[in-house]
Trainee: 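Sharing a structure here in structure tokens format.
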Protein chains: 2
Amino acid sequence: MDTEDGGAKLIDVARLANCSPATVSRVLNGNPTVNETVRERVARAARDLGYVPNGSARALRSTRTRLVGAIIPTLDHAIYATMVDGLQARLAEKNVSLIINTSTYDIDLEYEQARLLVERGAESIVLVGSTHRSETLAMLEQKRIGYVYTYTSRATEAGAAVGFDNEKAGRTAARYLLDLGHTRLGMIAGITQDNDRAAGRRDGFLNELERSGIDLASVPVVEGAYRLDDGKTGMKRVMEDRRRPTAVFCGSDILAAGAIKYCHGAGIAVPGEVSIVGFDNLEIAELTSPELTTLEVPARDMGRIAADYILASPSQRLHLRQRELAIRLVVRESTAVAPR
Amino acid sequence: MDTEDGGAKLIDVARLANCSPATVSRVLNGNPTVNETVRERVARAARDLGYVPNGSARALRSTRTRLVGAIIPTLDHAIYATMVDGLQARLAEKNVSLIINTSTYDIDLEYEQARLLVERGAESIVLVGSTHRSETLAMLEQKRIGYVYTYTSRATEAGAAVGFDNEKAGRTAARYLLDLGHTRLGMIAGITQDNDRAAGRRDGFLNELERSGIDLASVPVVEGAYRLDDGKTGMKRVMEDRRRPTAVFCGSDILAAGAIKYCHGAGIAVPGEVSIVGFDNLEIAELTSPELTTLEVPARDMGRIAADYILASPSQRLHLRQRELAIRLVVRESTAVAPR
DNA sequence: CTGTTAGCGCCTTCAT
DNA sequence: ATGAAGGCGCTAACAG
């Protein structure tokens, strides 16, 4: 008969265990003030009934959802997937679930998704970068929902940030190439529109060049989406500049890999004729020929540390509000001293 | 004064719009039986108050959560990340949220996570492969939660499947290499423990060889995790076999990329001395030198189609229960006819 | 240590 | 076309 649709509920467990619903609730929530024998009876009853708590009811009553949201540009880029992997793993250890949304780099879509996450009861939200619609932040702040920026170290008044300084990273790349004696440089940046990270890297790179007395008007800079093809066509354009550069900084390893591929096809020696520096240190950096010199981004760590922030108590959070992680230059084979 | 903690609720909207909560609810849910002017008044009031519905209350009352869960081995492998990307994108179009959990290829952990998802009210669950604990499936079936297998085409009685036939894929790889005249073959498979996909590919490969009269005792088969390093060491072991193969099938592009790298280091020509076939057709397949011949897996499509199944009505679902997608051999440069 | 009571915020009959 | 009332399943006081 009573096959039931959803299954047993708390009160059924209480009946079977011969106690009050309150006691069952206490056992379920690990409240230690319950007699050992009762606790066991309840646990047994719950098991026998295949009882699974109703999270919605629980959330409604307790105003704790144990739900966290993340809005990232895409999962199709290893740099974000890895970050999310770290985030999820750490949250899961504490029985916190992660809802993921992809914004495809669109901050309007991001707003819609943030709204949905708020509606779902997300207690914290992980965002990428520091460029967001003001409505998004206003909503989160109004609802008292904590948020964490990643891939940037610039926190806001209300939010936290765990990441790195993209501007500094760009300068590091420039410094490295300058020190190799390069004076004709170029860059294939990511799309900088609404993307503070791509813009930061580019600006840092150019600023450092300028500080070294290089005329920026002579530095070809193109933008491309993070795809192999855009790396190829980007490199083509950069290399066709009337002052062909001897060193090119790419806003991501994918772009750099595409750039190298273009050089292969065009018969341009890397690093003989042109040095190439990537960004991210993905697995692919070891697959190109020559292997790629690149800047390593601590993707997984960012996810983990963002999780730590989220899981921390309000008082602990203060210490964790702004975490700048180190960027490391990984020198491989795609860079060399300037020719001649 | 009343800064409120969470913010306005439905009844506040009702008061401001001068109508009953029931009417507000109707407007929110797109019930068409509401007068146009009232509808607008309500919408306006909601906007002015920054009202966001409480999903938990809604779910509790309506028993519809619009939440879907996915349990995948890891997001650190593009093949899964891309699938999830497709899944999420499609679900989001219909305002369905996706909770992601990673099982690290551990079916016990997978069970725990499935439990958590059930608790959260997931209405459907996406799983990878067809190897799962019976308790996991029993729980889902008991709770009447639909589930979809991916990366396999073998559906169960109660669940659906969208994917491909791994055994057939393995046979395809074997057939291709045999047709090139290879008679000494080897394989670097993924870890087959609790992994029907890795096992299926291996079995299909070996079965086809055996059918062609090849003595399986002479076919070196090693297993490795999906990492570059395991590809390298795997290839080393395979190539040190007393009957060094002239063709090696790898259970993933990552393994194949590692295998190629090993060959570079060991001075073994690819495909001159040994042909290498990968699996997945990731972006990296175009980055190796030589570029990788591989089998293309429709990762994004699987995600999208799984979403379509989930979003479909029960009656539509019948038609979608079992979807076998095609696997395509992508021939590049890492394979050639058998030497001599 | 355990039970009783009273909602959390919303949707859904049932009236009107 | 709209309103009134009840309760979804659980937990947080408060008693006892």
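As the structure is a computational prediction, the values presented were derived from the model and not from experiment. Quick note: numbers below take in every heavy atom, side chains included, and nothing from hydrogens, waters or symmetry partners.
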Trainee: Just how far, in rounded Å, is P of C/dG9 from CG of B/Leu49?
Mentor: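 Atom CG in B/Leu49 sits about 15 Å away from atom P in C/dG9.
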Trainee: Between atom CZ in B/Arg64 and atom P in C/dC10, what is the gap in whole Å?
Mentor: 18 Å
Trainee: Using the side-chain heavy atoms of A/Thr23, tell me which of these nucleotides is nearest: D/dT2, C/dG3, D/dG9.
Mentor: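 Selected nucleotide (nearest to the side chain): C/dG3.
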Trainee: If you draw the axis of the six-membered ring of B/Tyr309, does the NZ or CZ of B/Arg317 fall within 45° of it and under 6.0 Å from the ring centre?
Mentor: yes
Trainee: For B/Glu36 and D/dA1, give me the distance from atom CD to atom P, rounded to whole Å.
Mentor: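 After rounding, the reported distance stands at 12 Å.
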Trainee: Cationic tip of A/Arg197 within the cone over A/Tyr151's six-membered ring, i.e. under 6.0 Å and within 45° of the normal?
Mentor: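 Not satisfied by the 6.0 Å and 45° rule.
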Trainee: Would you kindly give the CZ-to-C1' distance between A/Arg41 and C/dT2, to the nearest whole Å?
Mentor: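 Taking CZ of A/Arg41 and C1' of C/dT2, I get 11 Å after rounding.
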Trainee: What does A/Thr33 touch in the nucleic acid at a heavy-atom separation under 4.0 angstrom: a base, only the sugar-phosphate, or nothing?
Mentor: base
Trainee: Taking atom P of C/dC10 as reference, at what distance in whole Å does atom CG of A/Asn54 sit?
Mentor: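 Those two atoms, CG and P, are 16 Å apart.
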Trainee: Can you tell me how far P of D/dA12 sits from CG of A/Leu60, to the nearest Å?
Mentor: 12 Å
Trainee: Return yes if some donor-acceptor pair links the side-chain N/O of B/Ser97 with the main-chain N/O of B/Leu67 below 3.5 Å, else return no.
Mentor: no
Trainee: Polar pairs (N or O, both sides) under 3.5 Å between protein and nucleotides 11-13 of chain C?
Mentor:
unit_1	atom_1	unit_2	atom_2	d
C/dC11	OP1	B/Asn29	OD1	3.4
C/dC11	OP1	B/Arg58	NE	2.7
C/dC11	OP2	B/Ser25	OG	2.9
C/dC11	O2	B/Arg61	NH1	2.5
C/dT12	O4'	B/Arg61	NH2	3.3

Trainee: At under 4.0 Å, does any side-chain N or O of A/Ser20 touch on OP1 or OP2 of C/dT2?
Mentor: no
Trainee: Parallel, tilted or perpendicular, judged at 30° and 60°: which one describes the rings of B/His77 and B/Tyr80?
Mentor: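 Rings of B/His77 and B/Tyr80: perpendicular, over 60°.
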Trainee: Is there a donor-acceptor contact under 3.5 Å linking the side chains of A/Asp76 and A/Thr74?
Mentor: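 There is no such pair (donor and acceptor under 3.5 Å, judged by atom type) between the side chains of A/Asp76 and A/Thr74.
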Trainee: B/Asn31 has an atom CG; how far is it from atom C1' of C/dC10, in whole Å?
Mentor: 15 Å
Trainee: Which heavy atom in A/Leu49 sits nearest to a heavy atom in A/Leu16, and how many Å separate them?
Mentor: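 A/Leu49 and A/Leu16 have their closest heavy atoms at CG-CD2, 3.9 Å.
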Trainee: Could you tell me whether A/Arg66 and A/Glu123 make a salt bridge, using a distance below 4.0 angstrom between a side-chain N and a carboxylate O?
Mentor: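 The answer is no: the pair does not qualify as a salt bridge.
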Trainee: A/Arg120 has an atom CZ; how far is it from atom P of C/dG9, in whole Å?
Mentor: 18 Å
